[in-house]
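To start, the structure under review is shown below, and the notes come after it.
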Amino acid sequence: MTSEQITNTGSVSGDCGSAQARARTHVQAYVQTQARQNGSAKDGSATNGPARNDSAKGGPSGRKHGLQRCHAMLRPVSLRALLPWLTSIIGVASALCLVIAWFPSTVWNTPIVSSDAPAHYYFIHRLLDEGLGAALHLWPHDSFYPPLFHVCAYLVIKIAALFGVQCSIYAAFNITWIIASGVIFPAGMLVLCRYFLQRWNRGNPISNPISRISQASSTPESSSVSESSNISNQQVSSAVNRQYNVTFDATFVLRNLIGLFVPVLAVSSVCHPYGLLNAGPLIAFGFATSLLPFLIAATLRLFDAIAAREHIAKWLAIAAVAGVVCLVAHPRIAFTYALILVPFIVLRLPWKLILGAFIAMCVGAVAFVALMLTSFKSDRWANPDSWFHSHQPSKNLWESISFCLTDGLDGFPAILFALLLIAGTAAAFVCASRRAAARASDSFSSAASTVVPVASADVDVDASTSDIAVSAADSPVSVSCPPPASHSNATDAASASSESSRLRRNDRLRDVIALTAAFLLVTLVYVCTVTLVGALPNIISAPWYRDENRIMTMLPLVTLPLLVIGINALAECVSACAASASFAPSASSFSTKNSASSVPSLSSASAVSSVKNASFASNWIVLIAVFLVIAILAVSAQIVCPSRSAARDTIIAHSSLNQSDPNEQLTEQKIAVLRKVTKRTGTQATIISDPLNGSMYAETLFNANMLYPIINARTDVPSAPFGKVETAFASGDAQQVLGTVCPLTDAPEYFLTMGDQAQSLQSFPYRAQYDSFHNEELIDTYVDGGTLVKVADYSQYGQGWALYRFGCTD
């Protein structure tokens with residue numbers, strides 16, 4: 001087959017995706033071209049006889065052959081277009097099922113009884129009472145709190161109401177958490193990991209046997225082959241190479257196999273999202289963490305656009321929107337974002353932009369310090385060693401490092417994850433270093449030998465393509481349909497390809513270095529938090545409140561992408577070794593045959609047969625092994641998961657009303673008392689009580705109007721009544737108490753006592769501000785003076801439990 005025939009064949013197959021009629025036109029053009037060539041080659045026409053003449057006349061057999069080829073080409077195009085979407089949907093759906101299966105069923109009707117939970121329930125309740133306008137001042141003292149999670153829960157309730165379904169605050173809270181954790185986060189991790197896979201595999205199939213045949217054919221032993229024989233072999237190699245790219249693209253399959261399990265692995269670790277639901281729960285920060293992979297991927301796309309000097313405005317806008325969404329979810333996520341992006345900024349941006357980025361980070365750090373100094377009064381700011389003075393290390397050095405290497409998994413899955421992470425990272429460094437060296441040495445020669453680089457399988461995929469869309473290098477249309485080019489066009493294209501290779505030859509190495517550096521930075525912060533003590537660890541971990549649960553969330557963001565490209569690199573190394581061993585006999589045989597004859601002895605049929613045999617041995621066996629390893633990791637992580645089970649058990653215990661301690665936040669007795677109190681006072685009267693005794697839950701359980709609906713009722717905000725009421729109540733002055741409490745609302749004001757503060761809230765640093773509210777001697781003094789009037793006695797539920805009404809003149 002001549003080069004012109006190959007080109008025409010490519011044009012036929014390349015236009016199959018448009019329409020069947022257009023395919024017929026190109027098939028006829030192909031047949032006519034063959035007829036002209038056969039007319040000039042007299043001996044060839046005579047030799048082929050009637051079959052050749054029938055095809056040259058554009059008869060039924062030729063037309064039928066072309067249409068069959070067209071339909072055959074349509075099937076892989078459809079499969080390759082659907083497979084990324086199919087694997088993505090299956091992977092995210094599997095992750096969602098895992099999250100739902102793990103979620104404690106006890107919290108659908110009762111609240112999670114923990115330190116931060118009442119505030120989140122209250123924020124949703126306030127949005128329901130005041131509308132979306134309250135989103136900018138959710139705190140009881142009307143200051144700002146990141147509202148995105150609570151707005152989403154509010155929308156869940158409103159959407160359910162449109163269908164006649166009454167959704168409680170707790171149900172809306174849980175649904176929003178499940179969507180964020182089981183859909184948004186695994187989908188974001190899939191987008192992020194596919195981005196790195198796309199860059200890693202750009203223009204580089206796992207193992208291309210045809211290129212190895214071509215290299216083998218150019219050995220010194222084959223130097224006696226004539227020039228025409230070499231040209232013919234190159235044409236056959238090029239034709240089979242295109243068929244290989246369509247039929248045996250193992251890289252494409254590997255990307256989708258890995259993409260199938262990325263969402264599952266994203267929700268397999270206790271690091272995120274399960275840990276944050278148990279710790280507080282830290283809902284707003286967890287929601288921002290679930291959104292963060294999209295922001296990181298958009299930012300890296302922006303870096304690609306800056307390097308290519310195209311689509312900069314597009315990706316800048318996308319990254320800006322994603323950044324605003326994450327900041328509205330929780331502004332403190334910016335520290336996680338900056339920590340992970342720092343290595344990529346250093347390795348992939350021009351020095352002016354690097355300088356600008358670090359100046360912006362410094363400005364942000366100064367603003368953060370100023371905010372902390374003005375918002376939180378403390379006499380320990382000048383002594384970092386005294387920060388977090390109550391913090392105690394929870395792990396030794398080896399435990400903290402191994403926790404990072406295993407991504408918080410347990411048992412056998414942890415060991416397998418760590419081995420794959422270490423081996424894959426090492427393989428990625430080896431592959432990336434060898435590829436960078438190879439491209440640096442022969443980028444010019446490889447570009448000059450490329451006939452049509454625009455449509456070649458070696459062309460880099462555009463960085464702006466979607467993470468889950470099929471890249472141009474994966475499409476059989478673009479691979480098998482190189483348009484004809486003149487000599488000057490080929491020269492220009494070769495120059496452009498050389499420039500592209502020069503600019504992008506270190507992409508792999510930069511990604512591996514950046515991801516490894518990001519992983520080491522996250523490990524450093526985690527070790528400083530859970531193991532080390534002193535001024536420096538305090539400063540390093542301060543942006544995350546030196547809280548282990550917040551820092552754990554960063555691990556999947558760096559370990560999963562590193563694991564994915566590491567597995568890809570391991571598969572590439574194994575496949576390359578297997579391919580080299582498979583083609584050693586073929587290369588020797590080919591060289592021997594060509595040395596004895598000037599006629600090309602390697603037919604297209606034998607080449608295809610060799611490709612099929614070697615590709616099965618060197619690619620598909622590797623793919624099956626990779627699939628089994630990842631499947632074992634993903635499945636075993638769901639079977640061996642004591643950390644996740646422990647988190648679930650803790651949440652169940654926190655939501656249980658059967659508590660051995662009657663002073664815990666919520667018990668069956670306290671639920672009964674709060675129900676009776678609300679029935680007695682109504683929902684308009686103001687009820688004052690120590691929130692650390694669990695009375696704050698009456699706001700969302702029974703729609704009571706609690707003055708303290710959260711445990712952190714700050715006293716340093718002038719606009720809030722909290723500090724004034726506390727100061728007045730602790731003073732013992734009846735006139736001051738009534739003068740402060742009575743003007744709060746036009747409705748009556750009540751005071752509720754329900755025992756001491758809960759033991760589970762003893763770690764709350766500002767608990768002493770509520771001591772006056774459970775001071776029995778002070779309460780008796782106000783009762784004796786008429787400041788408080790007992791209206792209900794609940795001593796049958798607990799000693800000293802009672803409801804009082806302030807003696808205001810109505």
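Note that this is a predicted model, so its numbers are computed, not measured.
- In this structure the side chain of Phe294 reaches within 4.5 angstrom of the side chain of Ile184, judged on heavy atoms.
- Among all heavy-atom pairs drawn from Pro350 and Ile306, the shortest one is CD-CG2, 4.3 Å.
- Taking the six-membered ring where tryptophan is involved, the planes of His150 and His120 are essentially parallel, since the angle between them stays under 30° and well short of 60°.
- A distance-only check finds a donor-acceptor pair linking the side chain of Arg546 to the backbone of Cys528 [under 3.5 Å].
- For the atom pair CG (Leu190) and SG (Cys193), the distance works out to 7.5 Å, reported to the nearest 0.5 Å.
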Margin query: Would Leu555 and Cys404 count as a side-chain contact (heavy atoms from CB on, under 4.5 Å) here? Give the steps.
Written below: CA-CA 7 Å; Leu555 285 173; Cys404 295; 3.9 Å; yes
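- Contact detail for Ala153 and Phe173: the closest heavy-atom pair is CB-N, 4.4 Å.
- Under a 3.5 Å cut-off, the side chain of Ser143 and the backbone N or O of Trp139 do not form any donor-acceptor pair.
- No side-chain heavy atom of Phe144 sits under 4.5 Å from any side-chain heavy atom of His137.
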Next item on the list: Output, in order, the C-alpha distance, side-chain angles, deciding distance and verdict of side-chain contact (heavy atoms from CB on, under 4.5 Å) for Leu405 and Phe519.
Entry: CA-CA 9 Å; Leu405 288 174; Phe519 171 76; 3.7 Å; yes
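- In terms of modelled atom types and a separation under 3.5 Å, the side chain of Arg332 and the main chain of Leu327 share no donor-acceptor contact.
- Between Leu282 atom CG and His272 atom NE2 the span is 11.0 Å, to the nearest 0.5 Å.
- With sequence neighbours excluded, no residue satisfies side-chain hydrogen bond (donor to acceptor under 3.5 Å, both in side chains) with Thr176.
- For the residue pair Thr516 and Val512, the shortest heavy atom distance occurs at OG1-O, 2.7 Å.
- Contact between Leu409 and Ser269 at its shortest, heavy atoms only, is CD2-CA, 3.9 Å.
- Residues Thr531 and Pro393 have side chains not in contact (no heavy-atom distance under 4.5 Å, counting atoms from C-beta outward).
- The aromatic ring centres of Phe287 and His330 sit 6.0 Å or more apart.
- Looking at heavy atoms from C-beta onward, Ile710 lies in side-chain contact with Pro140 at the 4.5 angstrom threshold.
- No hydrogens or angles considered: a donor-acceptor pair under 3.5 Å links the side chains of Asn201 and Asn568.
- Stacking of Arg510 on the aromatic ring of Phe344 is not recorded, the 6.0 Å distance cut-off and the 45° axial limit not both being met.
- A centroid separation of 6.0 Å or more is found between the aromatic rings of Tyr545 and Phe388.
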Check: Going through the distances and angles, do Cys271 and Met554 end up as a side-chain contact (heavy atoms from CB on, under 4.5 Å)?
Finding: CA-CA 8 Å; Cys271 295; Met554 295 188 285; over 6 Å; no
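- The pair Glu572-Arg508 meets the salt-bridge criterion, since a charged nitrogen lies less than 4.0 angstrom from a carboxylate oxygen.
- Within the model, atoms CD of Glu548 and CD1 of Ile551 stand 8.0 Å from one another, a figure rounded to the nearest 0.5 Å.
- The shortest side-chain heavy-atom distance between Trp200 and Cys431 falls under the 4.5 Å cut-off.
- In this structure, a donor-acceptor pair under 3.5 Å is absent between the side chains of Tyr195 and Asp511.
- Across every non-hydrogen atom of Phe185 and Val267, the tightest pair is CD2-CG1, 4.4 Å.
- The closest donor-acceptor contact from the side chain of Ser290 to the backbone of Gly286 lies under 3.5 Å.
- Between the Thr289 side chain and the Thr553 main chain, no donor and acceptor come within less than 3.5 Å of each other.
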Next item on the list: Given side-chain contact (heavy atoms from CB on, under 4.5 Å), test Phe123 with Phe149 step by step and report yes or no.
Entry: CA-CA 10 Å; Phe123 295 155; Phe149 178 90; over 6 Å; no
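- For the pair Ser433 (side chain) and Val430 (backbone), a donor-acceptor distance under 3.5 Å is absent.
- Note on ring orientation: taking the six-membered ring where Trp is involved, the planes of Tyr274 and Trp177 are tilted (angle from 30° to 60°).
- To the nearest 0.5 Å, atom CD1 of residue Ile630 and atom CG of residue Leu563 are 7.5 Å apart.
- Applying the side chain to side chain contact (heavy atoms under 4.5 Å, CB included) rule to Leu155 yields the partners Val151; only residues at least two apart in sequence or on another chain are considered.
- Judged as a side chain to side chain contact (heavy atoms under 4.5 Å, CB included), and not counting sequence neighbours, the contacts of Thr299 are Leu295, Phe303, Ala319, Tyr337, Leu341.
- Put simply, the side chain of Ile283 does not reach to within 4.5 Å of the side chain of Leu276, judged on heavy atoms.
- One N or O on the side chain of Asn538 and one on the backbone of Pro384 form a donor-acceptor pair closer than 3.5 Å.
- The nearest pair of heavy atoms linking Ala423 to Leu570 is O-CD2, 3.9 Å.
- Put simply, OG on Ser541 and CZ on Arg550 are 11.5 Å apart, with the number rounded to the nearest 0.5 Å.
- A salt bridge is absent between Asp304 and Arg309: the closest approach of a Lys/Arg side-chain nitrogen to an acidic carboxylate oxygen does not fall below 4.0 angstrom.
- We find the CG-CD1 distance between Leu302 and Ile318 to be 9.5 Å, quoted to the nearest 0.5 Å.
- Judged by distance alone, the side chain of Asn396 and the main-chain N or O of Trp398 form a donor-acceptor pair under 3.5 Å.
- Counting heavy atoms from C-beta outward, Thr425 and Leu562 have side chains that approach closer than 4.5 Å.
- Considering only heavy atoms from C-beta on, Glu310 stays 4.5 Å or farther from Trp315 through its side chain.
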